[in-house]
Amino acid sequence: MNAAATLSAPAAIDCSRHARGLFIGGKWSPRGGIAVVDPSTERVLATVADATVADAIAAVDAAAAAAPRWRATAPRKRAEILQRCFALMTERHEELATLISLENGKSLTDARGEVSYAAEFFRWYAEETVRIGGEFRTAPSGNNRILVDYEPIGIAVLITPWNFPAAMATRKIAPALAAGCTVVLKPASETPLTAYALAELYQEAGVPHGVVNVITTSTPGPVTGAMLNDPRVRKLSFTGSTGVGRTLLAEAAKTVLSCSMELGGNAPFLVFDDADLDAALDGAMVAKMRNAGEACTAANRFYVQDGIYDRFVAGLVARMGALKVGPGTDPQTECGPMITRKAVDKINALVADATTKGAKVALGGQRSEGPGFYYPPTVLTEVPADAAMAFEEIFGPVAPVYRFAEEADAIAAANNTEYGLAAYIFTGDLKRGLSVASRIESGMIALNRGLMSDPAAPFGGVKQSGLGREGGVHGVLEFMEAKYIAASF
Ligand code: NAP
């Protein structure tokens with residue numbers, strides 16, 4: 001989307017190189033096979049291994065065997081290994097971006113942004129590894145001392161989605177390793193190649209065998225269920241839909257597992273009359289069109305005040321209409337395809353529902369011909385409050401614009417959802433911005449900007465958008481337990 005971004009064509013890469021098998025205990029075990037499809041062309045890129053329950057238990061065995069040594073590895077040494085992961089990701093930036101773009105379909109610009117973001121988790125947690133503290137104080141009674149030691153929680157099962165194949169994995173792996181945990185990662189079936197490419201890289205960086213294991217499967221329920229029911233596993237960290245998150249929470253309840261859940265979103269984007277129009281449009285393009293709308297933080301509902309509504313819509317239509325749609329790896333592409341045909345069907349149905357209920361199509365609104373899973377940038381105006389897309393994630397390049405008159409109405413509409421992940425506010429009045437931010441039920445707020453993700457900040461949601469936080473100083477604590485020692489001396 002940024003015309004100033006590098007527009008060089010990517011070098012051809014051999015995807016099958018990253019489909020060597022399951023990665024367990026530092027070894028590759030070939031098993032056939034889940035086809036990985038290029039959403040831009042519908043061609044098969046490679047076939048990756050399909051793990052069984054026995055493979056999953058073997059991965060937990062490997063994580064368990066590596067755990068005592070990794071836990072005892074000096075923080076400085078762990079930090080140096082994480083720092084090497086950062087350095088290697090930075091060195092292989094272009095190759096990784098191309099791989100992400102091929103298997104996910106996102107534009108190269110977005111893929112390059114993702115690799116930088118994903119690598120930063122290693123740099124941030126390399127720095128955090130040596131700063132994990134404890135507590136020491138006198139009990140209020142004066143009778144004893146209170147010591148609190150933070151220990152690694154144990155073996156962690158990590159489950160990630162397809163929309164950020166690198167970043168959703170590193171946002172979990174880096175803090176887990178910093179904490180001293182060993183992990184089994186199950187990436188999404190649509191985008192496993194990036195996870196396997198990164199597994200090779202971790203090995204080169206010096207991550208010991210068994211500390212990170214990666215398995216792909218076409219039967220995620222039984223395979224992850226077997227791991228979650230294994231008493232050696234003490235942590236589930238999941239990123240994905242709220243629906244699957246609920247299922248996994250129920251599964252994890254059987255063994256009372258510690259759970260961190262990064263789930264779905266339905267982000268409102270509020271534009272007040274006093275907003276800087278250009279800044280609001282710049283922000284809207286990032287909040288809506290990064291990853292072609294396939295982001296949990298994507299603006300899902302634009303609430304625009306009466307006085308600026310027409311100018312905002314005109315600007316949004318002009319900018320969305322100018323985007324170049326095409327294959328992710330075409331350096332000119334600004335909006336790539338959706339992940340699957342099913343995703344296009346869902347977007348199509350949501351647009352049809354809104355227009356049937358009275359929404360007007362200002363741009364796009366018709367699915368594209370294949371090959372490839374394309375949906376064009378679309379702007380809908382005068383969207384009624386009862387449209388299904390007001391309550392469901394669109395996860396595509398569709399911007400529904402709702403009208404409001406009073407601040408209180410916008411806040412009430414923004415909060416009228418089971419989700420609470422991200423929200424955007426544009427206003428020229430900082431006092432109003434902070435006041436509105438305090439009344440929006442959301443884990444994260446972007447005030448006068450279209451992006452909030454930052455490895456140094458706590459990422460996560462309230463309500464049914466999740467439990468816990470990733471990133472920042474908070475992320476590593478998700479992989480630790482506080483051990484309290486009452487001491488007399
Ligand atoms: P998804 O369908 O929930 O899948 C996520 C992961 O869960 C995949 O690895 C998937 O494996 C696995 N899975 C599916 N069913 C399972 C089951 N019964 N048991 C165990 N694992 C299972 O989500 P998605 O479509 O990949 O991703 C999009 C969703 O993720 C959106 O809702 C988005 O908002 C959310 N998301 C949230 C955040 C956040 O930080 N809050 C970030 C990114 C995305 P398979 O691929 O094999 O089905």
Side-chain angles (χ1 to χ4, degrees), residues 34-37 39 48-51 53 56 103-104 106 114 117-118 121 157-172 184-195 214-229 236-252 257 259-267 290-291 293-300 338-340 342-343 346 392-396 417-422 442-444 452-455 457-471 475 478:
I34 305 170
V36 184
V37 173
V48 297
D50 190 357
V53 164
E103 66 175 349
N104 169 280
K106 68 176 70 180
E114 180 181 348
Y117 174 56
F121 285 102
V157 169
L158 317 176
I159 306 177
T160 51
W162 48 263
N163 65 337
F164 288 91
M168 296 304 94
T170 62
R171 203 166 74 176
K172 297 183 189 306
V184 180
L185 170 70
K186 194 219 80 64
S189 313
E190 288 91 349
T191 56
L193 298 171
T194 305
V214 182
I215 59 170
T216 38
T217 178
S218 62
T219 51
V223 164
T224 60
M227 293 193 284
L228 301 185
N229 283 301
L236 165 64
S237 179
F238 171 75
T239 299
S241 61
T242 295
V244 172
R246 285 190 198 106
T247 305
L248 288 169
L249 281 169
E251 193 65 35
L257 265 194
C259 293
S260 299
M261 311 298 279
E262 296 286 348
L263 307 178
N266 181 6
R290 189 168 66 107
N291 256 17
E294 293 179 316
C296 53
T297 50
N300 208 54
M338 304 294 94
I339 189 73
T340 54
K342 199 170 146 208
K346 183 191 169 192
E392 288 179 39
E393 278 185 297
I394 301 168
F395 241 59
T417 169
E418 69 188 18
Y419 296 106
L421 185 63
S442 175
M444 299 177 288
M452 75 267 292
S453 303
D454 188 321
F459 188 107
V462 300
K463 294 159 79 175
Q464 295 192 38
S465 283
L467 301 168
R469 294 292 181 269
E470 291 189 328
E478 302 277 324

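Whatever order the structure lists them in is the order used to number ligands and atoms, beginning at 1.
Remark: ligand 1 atoms within the under-4.0 Å shell around heavy atoms of Leu421 are 41 (N). Per-residue contacts place Cys296 under 4.0 angstrom from the following atoms of ligand 1 (heavy atoms of the residue considered): 33 (C), 34 (O), 36 (N), 37 (C), 38 (C), 39 (C), 40 (O), 41 (N), 42 (C), 43 (C), 44 (C). Close approach to Phe459 involves these atoms of ligand 1, each under 4.0 Å from a residue heavy atom: 39 (C), 40 (O).
Within the structure, the closest approach of Phe164 to ligand 1 does not fall below 4.0 Å when heavy atoms are considered. Ligand 1 lies less than 4.0 angstrom from a heavy atom belonging to Arg171. Heavy-atom separations between Pro187 and ligand 1 include at least one value shorter than 4.0 Å.
With a 4.5 Å cut-off on side-chain heavy atoms, Asn300 and Phe395 do not count as touching. With a 4.5 Å cut-off on side-chain heavy atoms, Cys296 and Phe459 count as touching. You'll find the side chain of Val48 reaches within 4.5 Å of the side chain of Leu193, heavy atoms only.
In this structure, atom 32 (O) of ligand 1 has protein heavy atoms in its sub-4.0 angstrom surroundings.
Only side-chain heavy atoms of Glu393 come within less than 4.0 Å of ligand 1; its backbone N, CA, C and O stay farther off.
Donor-acceptor pairing under 3.5 Å is recorded for the side chains of Asp50 and Ser218.
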